[in-house]
Amino acid sequence: DVSPAPEAVVKAAVEDAKTSALLGGGAGPQAPAAFSVGQRVRITGSTTPGGHQGKQGSVISIEAEGNPGVQLDDGQSVTFYKQDVSPAPEAVVKAAVEDAKTSALLGGGAGPQAPAAFSVGQRVRITGSTTPGGHQGKQGSVISIEAEGNPGVQLDDGQSVTFYKQDVSPAPE
């Protein structure tokens, strides 16, 4: 096993964070944005019930009429009216990039026990049990990279869960 050099891990993590946060960015508040899976968003409206205004998360699906399904940072998955959701502001992008750099530097090159840096679309297996829910042994695809580099995973059974990165390993090929 050869681990990528720490600077390569940092570069990949930064690019993933930028891509995740910037996809679809730049739409003004007057026009709902077209969203992409993996995109970082902020809940800015209150049409969708539940009191989620001000929360942030990542788009996990695009539903009828372009309404985004969002995995909120608090772990909830909610489908929002598109007018209630805006691309994450630049400050959030910068924070995501800094989190990715810190996460990659702390875990990069430390040996086989160090958690891997994940990328959206990557196939993974749940190998640990720190994250609640009894998901150990399941497989799925990474749909977002959350705070601290923790991957949001769409499991093969249909559930979307954000896992502690130490519970997730690349799936065997």
Side-chain angles (χ1 to χ4, degrees), residues 9-104 107 115-124 126 131 139-165 167-168 170-171:
V9 173
V10 170
K11 184 176 180 182
V14 167
E15 289 307 309
D16 285 347
K18 285 180 181 176
T19 301
S20 176
L22 290 175
L23 284 175
Q30 69 278 13
F35 298 101
S36 302
V37 172
Q39 179 182 359
R40 291 288 298 165
V41 294
R42 176 181 296 247
I43 310 309
T44 53
S46 58
T47 307
T48 306
H52 300 290
Q53 192 169 11
K55 294 182 181 180
Q56 296 179 33
S58 296
V59 176
I60 58 172
S61 64
I62 307 299
E63 305 298 330
E65 300 181 22
N67 293 326
V70 178
Q71 175 86 37
L72 296 170
D73 291 345
D74 66 9
Q76 296 180 70
S77 294
V78 179
T79 300
F80 289 92
Y81 290 107
K82 60 188 169 192
Q83 66 266 24
D84 285 349
V85 181
S86 299
E90 186 62 27
V92 174
V93 173
K94 288 179 182 173
V97 168
E98 288 307 311
D99 285 349
K101 284 181 182 177
T102 301
S103 175
F118 299 101
S119 59
V120 172
Q122 180 180 6
R123 291 286 300 165
V124 294
I126 310 310
T131 306
Q139 292 191 36
S141 297
V142 175
I143 56 173
S144 64
I145 307 299
E146 303 296 336
E148 312 288 327
N150 294 325
V153 178
Q154 177 82 44
L155 296 170
D156 292 345
D157 66 7
Q159 295 181 73
S160 295
V161 180
T162 300
F163 289 91
Y164 291 107
K165 60 188 169 199
D167 286 350
V168 182

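Scope of the values below: all heavy atoms of this structure, side chains included, with no hydrogens, waters or symmetry mates. The first residue of the sequence shown is numbered 1, and numbering continues consecutively from there. From a predicted model like this one, the values you see are computed outputs, not experimental measurements.
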- Message: Which heavy atom of Phe35 sits nearest to which heavy atom of Gly66, and what is that distance?
- Response: CD1-O, 4.2 Å
- Message: Do the side chains of Asp73 and Arg42 get close enough for a salt bridge, i.e. N-O under 4.0 angstrom?
- Response: no
- Query: Are a donor atom and an acceptor atom from the side chains of Thr44 and Ser86 found within less than 3.5 Å of each other?
  - Reply: yes
- Val85 vs Val59 side-chain heavy atoms within contact, under 4.5 Å: no
- Query: Between atom CD1 of Ile145 and atom NZ of Lys165, what is the distance when rounded to the nearest 0.5 Å?
  - Reply: 10.5 Å
- In this structure, CD of Gln71 is separated from CD of Glu146 (nearest 0.5 Å) by 6.5 Å
- Task: Would you confirm whether Thr131, through its side chain, and Tyr164, through its main-chain N or O, come within 3.5 Å as a donor-acceptor pair?
- Result: yes
- Message: Under a 3.5 Å cutoff, is there a donor and acceptor pairing between the side chains of Asn67 and Glu65?
- Response: no
- Note on the structure: Taking every heavy atom of Ala34 against every heavy atom of Gln39, the minimum-distance pair comes out as O-OE1, 4.1 Å
- About how many Å separate NZ of Lys55 and CG of Leu72, when rounded to the nearest 0.5 Å? 6.0 Å
- Student check: side-chain heavy atoms of Ile143 and Val120 closer than 4.5 Å: no
